[in-house]
Enquirer: 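First the structure, then my questions, so here it is.
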Amino acid sequence: MDYRVLPTARAMEAFALDAARAGALVLTPTSRLAKRYRHAHRVVARGAGEGGAWDPPEIMSLRRWVKQAYDGLWEPRALPDKAASLALWAEAVEGARKSGHAPPAGLQPSPSLCAGLQAAYDSLHRCGVREEERDSSDVSMWRAAVTSHFERLCRERGVASWNEVLEAVRRALLDGRATPPEKAVAVLGPMPPDPPLEGFLASLSDRTPLEVIGLPGVPPPSPQKAPCAVCATPEQECRAACSRALGEWNRSGGRASLAIIPLDESLFPLLHRCMDELSGRRPPHEAGQTRYNLAWGPPLTGAPLFVAGTLPLVLGAQADPVGALAALLRSPFSDPGRFDGFEETLSRLWARGERVPAARAVREVARRFPSLAALGDFLPGKSAPLSLWVQRLRGLWGALGFPWRGGSPVVRDRNAAAFAQLDEALRSLELRCGQARTDAAGALAWLTALCEGQSVAEPGAETAGIQLLTAAD
């Protein structure tokens, strides 16, 4: 295995593209970097006058290639999707409780706790660390007991962890059951490879010529060379960064190549809003020219379509259920032609000057609009399997005409992407976790945990002058 240190990310990209054109398989640490390299390959091919079609390069994330190789082995155990993992962890937490290992004080069994257990499990296995039930920490002892139940369930259900998949492909490469590429280039991420990945790359290099490329460790810049502006609030900080980038871009006549990199990824929605507001005040130098592009779209769980679509699940927990019903019927995602006059019904409830219980508000709305009688299924105190909650939600969506396709083409495209992701999450929840019993609020907790970490894919331009990137990108 040859390891090559390249001075810049541009040099690393050029090396990877040259290798891909020469027929090598290029493995990247993330799917986004693979997409970036494939886009750069298309740009170079067009610039070279390669008209018509050309052979697509073999550029993909290492995880995708390993999964493809594992699928080709026809092993009896398979990688679980996120919904299946959450269901297994929930069962493991309950199994540990029944065996005398209740959650420590402050921890309540929930889908978000299950997601945290999976994240901790992945991190510990990447570093080759295994917790024992005899550890001193109450949390560590409980987590080790839950992990023991989880791993037993995985063996019984034919589920494999990522490290087990990596090890299976590594052994298959060595004994000839997996076909290695003729030659390969592996691009390292910003962090050094963990022990399991290092062992895998070593075995891959035993079967095929492999070059591993990375960037040198760059020491932090001297404080004298790094101007720093201190802002009072995160919004001021984001606005200052966006304003400076737009100013540089305008002064360059739209030719500058700039990046804004928030070290805290939770600032992306705020940066997006600041960039939208500020760029609207600065006309582009050329009509239709794209100023900026986000590496990640807004989080799915914060998307207006997600909030509107899941509102029935929190109807009973709202302090103002009448207001919640108004928001549901007035939502831009509900068909405006189906509920003419609903304001009159809700106004009568508001006019009483008292807190109206959710059950009474739902009865009044259902009396005026019989198609919405199913709202009664979402009132508090009703427990049902998750699969039934998914069916109820879809049925109510049909009555509401959700999601109504209105707005500008850009908004419709964005909403279509969000709905496709939400629809896929509901299918996965129904298939993998459908037997779990919960109330409406619990169903929302399961759906939120499943969608956590997803971002809504938005139309963008890889060649935009200002890129909003994560630190890894």
Side-chain angles (χ1 to χ4, degrees), residues 27-33 61-67 70 77-93 95-96 101 103-104 106-155 157 159-170 186-202 214 217 262-266 268 296 299 301 448-455 470-473:
L27 301 172
T28 62
T30 65
S31 57
R32 177 169 177 80
L33 186 60
S61 68
L62 184 138
R63 188 180 184 93
R64 178 183 169 191
W65 186 82
V66 169
K67 188 177 184 306
Y70 184 78
R77 301 174 67 188
L79 271 173
D81 58 20
K82 189 173 181 179
S85 294
L86 289 177
L88 286 169
W89 280 111
E91 194 171 342
V93 169
H101 295 90
L107 292 179
Q108 295 296 327
S110 66
S112 60
L113 176 63
C114 295
L117 287 167
Q118 180 65 56
Y121 184 80
D122 291 339
S123 297
L124 290 170
H125 275 65
R126 275 197 303 270
C127 300
V129 176
R130 182 173 182 84
E131 289 180 307
E132 301 292 341
E133 293 185 34
R134 61 176 180 272
D135 288 350
S136 57
S137 166
D138 288 344
V139 174
S140 294
M141 291 174 63
W142 171 77
R143 190 164 57 198
V146 174
T147 299
S148 177
H149 281 268
F150 173 76
E151 291 179 336
R152 177 180 58 78
L153 289 171
C154 287
R155 290 191 295 270
R157 311 283 172 81
V159 172
S161 70
W162 170 248
N163 277 1
E164 289 170 334
V165 168
L166 200 63
E167 176 62 18
V169 175
R170 188 188 72 82
V187 181
L188 290 184
M191 301 297 290
D194 50 67
L197 178 57
E198 202 167 15
F200 174 81
L201 292 176
L263 299 183
D264 181 358
E265 294 182 14
S266 66
F268 263 102
W296 300 97
T301 52
T448 302
L450 183 58
C451 296
E452 200 70 46
Q454 294 187 47
S455 58
T470 66
D473 288 320

Enquirer: Rounded to the nearest 0.5 Å, how far does CG of Leu27 lie from CG of Leu33?
Expert: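 The CG atom of Leu33 sits 11.5 Å away from the CG atom of Leu27.
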
Enquirer: Rounded to the nearest 0.5 Å, how far does CG of Leu88 lie from NE2 of His149?
Expert: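 If we round to the nearest 0.5 Å, His149:NE2 and Leu88:CG are 13.5 Å apart.
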
Enquirer: Are any non-hydrogen side-chain atoms of Leu124 and Thr147 less than 4.5 angstrom apart?
Expert: no

Enquirer: What I'd like to find out is whether the side chain of Trp142 reaches to under 4.5 Å of the side chain of Val146, using heavy atoms alone.
Expert: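 Yes, close enough: below the 4.5 Å cut-off.
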
Enquirer: Answer yes or no: is there a side-chain heavy-atom contact under 4.5 Å between Gln118 and Leu86?
Expert: no

Enquirer: Can you tell me if Glu164 and Tyr70 form a side-chain donor-acceptor pair at under 3.5 Å?
Expert: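 There is no such pair (donor and acceptor under 3.5 Å, judged by atom type) between the side chains of Glu164 and Tyr70.
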
Enquirer: Any idea which heavy atoms bring Ser31 and Ser61 closest together, and the distance?
Expert: N-CB, 3.8 Å

Enquirer: Looking at side-chain heavy atoms only, is the closest gap between Cys154 and Arg77 below 4.5 Å?
Expert: yes

Enquirer: Which atom pairs, one a donor and one an acceptor, fall under 3.5 Å between side chains of residues 108-116 and the rest of the protein, sequence neighbours left out?
Expert:
unit_1	atom_1	unit_2	atom_2	d
Ser110	OG	Ser112	OG	3.0
Ser110	OG	Leu113	N	3.2

Enquirer: Taking all non-hydrogen atoms of both residues, which atom of Pro196 and which atom of Asp194 are closest, and how far apart?
Expert: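 For Pro196 versus Asp194, the nearest heavy atoms are CD-OD1, 3.1 Å.
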
Enquirer: Could you state the interatomic distance from CG (Asp138) to NE2 (His101), rounded to the nearest 0.5 Å?
Expert: 11.0 Å

Enquirer: Kindly determine whether Phe200 and Val169 satisfy side-chain contact (heavy atoms from CB on, under 4.5 Å), including the steps that lead there.
Expert: CA-CA 8 Å; Phe200 174 81; Val169 175; 3.7 Å; yes

Enquirer: Classify the ring geometry between Trp89 and Phe150 as parallel (under 30°), tilted (30 to 60°) or perpendicular (over 60°).
Expert: parallel

Enquirer: Taking atom NE2 of His125 and atom CG of Leu166, what is their separation to the nearest 0.5 Å?
Expert: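 Here the rounded value is 12.5 Å.
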
Enquirer: Could you give me the CA-CA distance, side-chain angles and deciding distance for Glu151 and Ser161, then say whether side-chain contact (heavy atoms from CB on, under 4.5 Å) is met?
Expert: CA-CA 9 Å; Glu151 291 179 336; Ser161 70; over 6 Å; no

Enquirer: Dump the intermediate steps for side-chain contact (heavy atoms from CB on, under 4.5 Å) on Ser455 and Phe268, then the final yes or no.
Expert: CA-CA 11 Å; Ser455 58; Phe268 263 102; over 6 Å; no

Enquirer: Say you draw a straight line from CZ of Arg63 to OG1 of Thr30; how long is it, rounded to the nearest 0.5 Å?
Expert: 12.5 Å

Enquirer: Minimum heavy-atom separation for Arg143 and Ala120, please, with both atom names.
Expert: NH1-CB, 4.0 Å

Enquirer: On a heavy-atom basis, which atom in Leu201 and which in Ala186 lie closest, and how many Å separate them?
Expert: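 Nearest pair, atom of Leu201 first, then Ala186: CD2-CB, 4.1 Å.
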
Enquirer: Would you kindly say whether Glu167 and Asn163 are connected by a side-chain donor-acceptor distance under 3.5 Å?
Expert: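 Side-chain D/A pair, Glu167 to Asn163: absent.
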
Enquirer: Could you pull out the closest heavy-atom pair between Leu450 and Gln454, with the gap in Å?
Expert: O-NE2, 3.6 Å

Enquirer: Side-chain contact test, heavy atoms from C-beta onward, threshold under 4.5 Å: evaluate it for Leu188 versus Pro29 and give yes or no.
Expert: no

Enquirer: For Val165, does its backbone N or O pair with a side-chain atom of Lys67 as donor and acceptor, under 3.5 Å?
Expert: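 It does not hold such a pair.
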
Enquirer: Calculate, to the nearest 0.5 Å, the distance between atoms CZ and CG belonging to Arg64 and Leu62 respectively.
Expert: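 Rounded to the nearest 0.5 Å, the CZ-CG separation comes out at 12.5 Å.
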
